[in-house]
J.: 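To start, I am sharing the structure in question, which I have written as structure tokens.
All residue numbers in this chain count up from 1 along the given sequence. Values reported hereafter were calculated over all heavy atoms of this structure, with side chains retained and with hydrogens, waters and symmetry mates removed. Ligands are counted one by one from 1 in listed order, and the atoms in each one are counted from 1 as well.
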Amino acid sequence: KAKKLGQGFYQYYVSDMEAQLSRRLEMEADLHNAIKQQQFVLHYQPQVDRNRQIVGVEALLRWQHPTKGLIPPLNFIPLAEETGLITKIGEWVLQTACRQSKIWQDAGLPPLLVAVNLSARQFHQQDLLTVISETIKESGIDPQNLVLEITETIAMKDADYTIQVLQALQSMGVQIALDDFGIGYSSLIYLKRFPINSLKIDRSFIQDIHTNSEGSAIARAILALAKNLNHLVVAEGVETAEQFAFLQGLECDHMQGYLFSKPLPVDEITDVLVKSKL
Ligand code: C2E
Ligand code: MG
Ligand code: MG
Ligand code: MG
């Protein structure tokens with residue numbers, strides 16, 4: 001296709017590809033370095049119940065780059081996933097979140113759910129169960145307070161494998177949330193068979209929950225489905241008081257979004273948790 005557009009375009013195209021490749025290689029080297037230099041940080045976003053009480057937090061990864069500033073996860077996780085570096089990073093996330101959970105517990109805060117996202121590669125990693133059980137043991141947390149989030153797309157990739165792994169995780173006492181629910185490919189037959197604790201309704205359905213009837217119809221349907229399957233429902237991306245009121249009306253269990261708080265650095269979330277303590 002490039003050829004047909006003439007020599008000039010072709011050269012432009014090649015050099016563009018070269019530039020892309022070198023950016024990628026540079027970022028890959030940077031990522032290796034980030035692991036060595038411990039440039040990752042976790043921010044934590046509160047999850048509230050219908051009374052606006054904080055019931056948990058989701059740990060969200062950021063890369064504190066020495067020259068580029070704070071880099072959001074979607075800008076580097078895909079490369080980390082491709083190169084396999086996500087395994088190391090993911091272990092760090094799990095360990096850091098579990099240790100933090102224990103720090104909050106030891107400080108006398110009420111029991112809090114701490115949710116950690118797992119990537120596809122991590123979920124299919126051979127020693128996943130060992131890594132998780134050892135991290136729980138090492139940190140001394142109650143496994144009931146740990147929630148592992150996987151997307152429905154990851155779960156559906158090899159559904160029989162997923163069921164086995166989720167069963168093993170649940171027998172350790174860990175909770176499972178199906179993240180970004182509604183936007184991936186999902187089979188309702190498997191949804192019924194997956195041993196999970198909660199469904200997180202994707203933000204895109206919350207956005208237009210009260211602006212049009214189709215938007216609210218989908219949110220309603222997901223809530224009804226989840227309740228029938230005895231799963232807790234968490235709404236993601238709640239930004240307005242109207243959305244919150246609507247979800248309260250639908251008896252949505254937990255909610256997360258900028259209305260309540262953005263993801264916060266550990267010192268700030270700790271202040272919030274201390275202040276919200278009953
Ligand atoms: P996610 O797990 O669905 O996390 C929720 C994302 O929505 C977060 O983005 C959060 O900041 C954002 N969010 C929360 N409330 C609102 C809201 O009211 N409005 C809007 N517009 N956005 C909201 P973030 O932190 O950029 O993370 C993006 C994604 O990166 C996460 O989506 C998750 O898939 C992935 N991710 C984050 N941390 C990790 C990690 O430690 N490991 C892995 N494997 N993936 C991670
Ligand atoms: Mg998540
Ligand atoms: Mg999500
Ligand atoms: Mg999402």
J.: Counting heavy atoms only, name the option from Val93, Leu60, Thr240 that's nearest to atom 10 (C) of ligand 1.
T.: Leu60
J.: Any heavy atom of Glu81 closer to ligand 1 than 4.0 angstrom?
T.: no
J.: Check step by step if side chain to side chain contact (heavy atoms under 4.5 Å, CB included) holds for His43 and Lys262.
T.: CA-CA 9 Å; His43 284 191; Lys262 296 210 163 186; over 6 Å; no
J.: Does ligand 1 have any atom that is closer than 4.0 Å to a heavy atom of Arg62?
T.: yes
J.: Please determine whether any non-hydrogen atom of Gln45 lies less than 4.0 Å from an atom of ligand 1.
T.: yes
J.: Is the Phe205-Phe181 ring centre distance short of 6.0 angstrom?
T.: no
J.: Hey, is the Mg ion (ligand 2) within less than 2.8 Å of some N/O/S atom on Asp180?
T.: no
J.: Judged on heavy-atom distance to atom 43 (C) of ligand 1, which of Ile77, Asp180, Asp179 sits nearest?
T.: Ile77
J.: Check all N, O or S atoms of Asp179 and name the one closest to the Mg ion (ligand 2).
T.: OD2
J.: Do Glu134 side-chain atoms and Val131 backbone N/O form a donor-acceptor pair below 3.5 Å?
T.: no
J.: Donor-acceptor pair, Arg121 side chain versus Ile86 backbone, under 3.5 Å?
T.: no
J.: Near the Mg ion (ligand 2), is there an N/O/S atom from Thr151 that is less than 2.8 Å away?
T.: no
J.: Verify, without hydrogens or angle tests, whether Gln256 (side chain) and Val238 (backbone) share a donor-acceptor contact under 3.5 angstrom.
T.: no
J.: At a 4.0 Å cut-off, with the gap strictly under it, does some heavy atom of Gly90 reach an atom of ligand 1?
T.: no
J.: So do the side chains of Asn75 and Pro72 get within less than 4.5 Å of each other, counting heavy atoms only?
T.: yes
J.: Hey, which N, O or S atom on Glu149 ends up closest to the Mg ion (ligand 2)?
T.: OE1
J.: Could you check whether any side-chain N or O of Asp49 sits under 3.5 Å from a backbone N or O of Arg52, counting only pairs where one atom can act as donor and the other as acceptor?
T.: yes
J.: Test your reading of the model: is there a side-chain donor-acceptor pair from Glu149 to the backbone of Leu178, 3.5 Å cut-off?
T.: no
J.: Heavy atoms only: which of Pro72, Pro263, Pro73 is nearest to atom 27 (O) of ligand 1?
T.: Pro73
J.: Strictly under 2.8 Å, is any N, O or S atom of Glu236 next to the Mg ion (ligand 2)?
T.: no
